[in-house]
Amino acid sequence: MSDHQTQTGAGRVGQVKEITSLSNPVIKDIRALSMKKHRDETGTFLAEGLKLVIDAIELSWAIRTLIYAKGQRGKAQVEKIAALTVARGGLVLEVTDKVLTAITRRDNPQAVIAVFESRVTALDAVRLKPDETWVALDRVRDPGNLGTIIRTADAAGAAGVMLIGDTVDPFSTETVRATMGSIFAVPLVRTSEKEFLAWSKKTSPLLVGSHLKGSVDYRTIGYKGQPVVLLMGNEQAGLPETLADACGKLARIPQAGRADSLNLAIATGVMLFEARRHCLDLGDPAP
Ligand code: SAM
C-alpha cells in the first residue's frame, strides 16, 4: 500500500491510499460487506456509482470509505468527493480494476464506490402529517422488489417506507442497486408487527391494506386530508389476518386476464401513485 496526496483546486486535502492487493485487510473488510452479518456488525453498507455517492454526500450520509479506480485520478468530481470524504474523517482508496471487480463481484464494476453508515428512523420518531403517504411492507423477501419499491416511493413523493417483521436487508448490495440512489432519499423504518399495530392504533392514520380479496376498489378511497399508510402483503403469503384486521380499508386493484395477482412492487406502485394523485395538486394533464 502506498500513499499520495490528493491535489484539488482547494489545495492539498488529504491522503489517498493506493491498494493493488486483494489480501489487503481493508479490502477484505469491504468485501465482507456482501454479508449481512458484517453489515449489521459494522452498521455500514456499500453503494456503487459516482452519481449515487455524490447524492449521498449531498444528503449528509456519513461516508466511511471512498474507493475509486486508478483511471479516475485527477477527475474533478472524484477529487471533490475525495476531499469531502477526507474532510469528514473518511478514508480514500485508489484501487486497481481487479480490486473493484472483487469488491463488487461484477465484471464491469462502477469506477467509484463507497462505504456509508446505514441509517434507519425509529417508528416512534415518525410524526404523521395530513396528505403524506407511507408504504408499509409486511415481511418483504425479495431484494429487487424492495429496491424497486424504495425507488418508486421516492418518485411518488411518499414520506417513507416501513419494513414490518423479518424482511430482506434494505442495505444489501442488490437492494441498494435496485433503488438507483433512492435509498439515500427515502426514510426507512424497521419495526415488528406488534410494534406497528400498537403504533397505528395510537397514531390513527388511514391504514389501507392492499389485498386480493379487498372489499373496495383502490380508486374509490378518500385518501385526501389525512396521513395514509399503504400496507402491502408478503410476496407469497399476502397480508396475514392480524394486519388485515387492523386496516380501515382493504383495497383491491381490479385485474383482467389470468394472473392471480400483481407483483408486489407493481401493486405498490399502482396503489401509491393513486394515493398521491389524491393528495397532490398535480395540475391538469397536458393536452
Ligand atoms: N398469494 C399472495 C396472496 O394471496 O395475497 C399474493 C401476494 S402478491 C404477489 C403481493 C402483495 O401485492 C399482496 O399481498 C397485495 O398487498 C399486493 N397485490 C398484488 N395484487 C393485488 C391486487 N390485485 N389487489 C390488491 N393488492 C394486490
Side-chain angles (χ1 to χ4, degrees), residues 123 126 128 132-170 172 174-175 178-180 182 186-197 199-201 203-224 226-279:
L123 186 58
V126 172
L128 293 172
E132 71 176 17
T133 312
W134 284 80
V135 174
L137 304 172
D138 173 44
R139 295 163 299 143
V140 55
R141 300 308 311 164
D142 183 275
N145 273 346
L146 177 55
T148 304
I149 289 169
I150 292 171
R151 180 180 178 185
T152 307
D154 186 11
V161 174
M162 298 178 176
L163 304 174
I164 304 172
D166 185 18
T167 68
V168 66
D169 181 8
S172 75
E174 208 181 334
T175 304
T179 72
M180 298 294 284
S182 294
V186 175
L188 288 181
V189 172
R190 300 200 82 161
T191 181
S192 65
E193 180 181 306
K194 195 171 160 209
E195 195 190 11
F196 175 80
L197 287 171
W199 172 84
S200 66
K201 205 168 172 189
T203 56
S204 311
L206 173 61
L207 188 55
V208 179
S210 179
H211 201 295
L212 295 184
K213 298 200 175 83
S215 52
V216 287
D217 183 315
Y218 77 111
R219 293 165 295 189
T220 63
I221 294 171
Y223 299 95
K224 197 167 171 52
Q226 63 215 307
V228 172
V229 179
L230 300 176
L231 181 53
M232 309 298 301
N234 162 274
E235 288 96 333
Q236 275 82 43
L239 275 183
E241 270 179 32
T242 38
L243 285 171
D245 288 349
C247 292
K249 303 270 182 202
L250 280 183
R252 176 181 32 86
I253 305 167
Q255 294 183 202
R258 291 177 57 85
D260 288 338
S261 64
L262 293 165
N263 159 277
L264 170 63
I266 300 286
T268 307
V270 171
M271 292 287 296
L272 193 48
F273 272 90
E274 179 65 10
R276 294 311 298 147
R277 189 177 70 80
H278 287 240
C279 300

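We count ligands from 1, going down the list as the structure has it; atoms in each ligand are counted the same way.
Under the side-chain hydrogen bond (donor to acceptor under 3.5 Å, both in side chains) criterion, Asn145 pairs with Glu235, Asn263, sequence neighbours left out. By the ring-ring contact (aromatic ring centres under 6.0 Å, His included) test, Tyr218 is found to be paired with no residue, residues two or more places apart in sequence or in another chain being considered. Asn234 is linked by a side-chain contact (heavy atoms from CB on, under 4.5 Å) to Asp138, Arg139, Arg141, Gln236, Ala237, counting only residues two or more places apart in sequence or in another chain.
At a cut-off of 3.5 Å, with distance as the only test, no side-chain donor of Arg252 or Ser210 sits close to an acceptor on the other residue. Side chain to side chain, Arg151 and Thr179 fail the donor-acceptor criterion of an N or O pair below 3.5 Å.
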Return a table of N or O atom pairs, ligand 1 on one side and protein on the other, at distances under 3.5 Å, rounded to 0.1 Å.
| unit_1 | atom_1 | unit_2 | atom_2 | d |
| --- | --- | --- | --- | --- |
| ligand 1 | 1 (N) | Gln236 | O | 3.0 |
| ligand 1 | 14 (O) | Gly233 | N | 3.4 |
| ligand 1 | 16 (O) | Ser210 | O | 2.6 |
| ligand 1 | 16 (O) | Gly233 | N | 3.0 |
| ligand 1 | 20 (N) | Leu262 | N | 3.0 |
| ligand 1 | 23 (N) | Ile253 | O | 2.9 |
| ligand 1 | 23 (N) | Gln255 | OE1 | 2.7 |
| ligand 1 | 24 (N) | Ile253 | N | 2.9 |
| ligand 1 | 26 (N) | Ser210 | OG | 2.7 |

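Under a 3.5 Å cut-off, the side chain of Thr152 and the backbone N or O of Thr148 do form a donor-acceptor pair.
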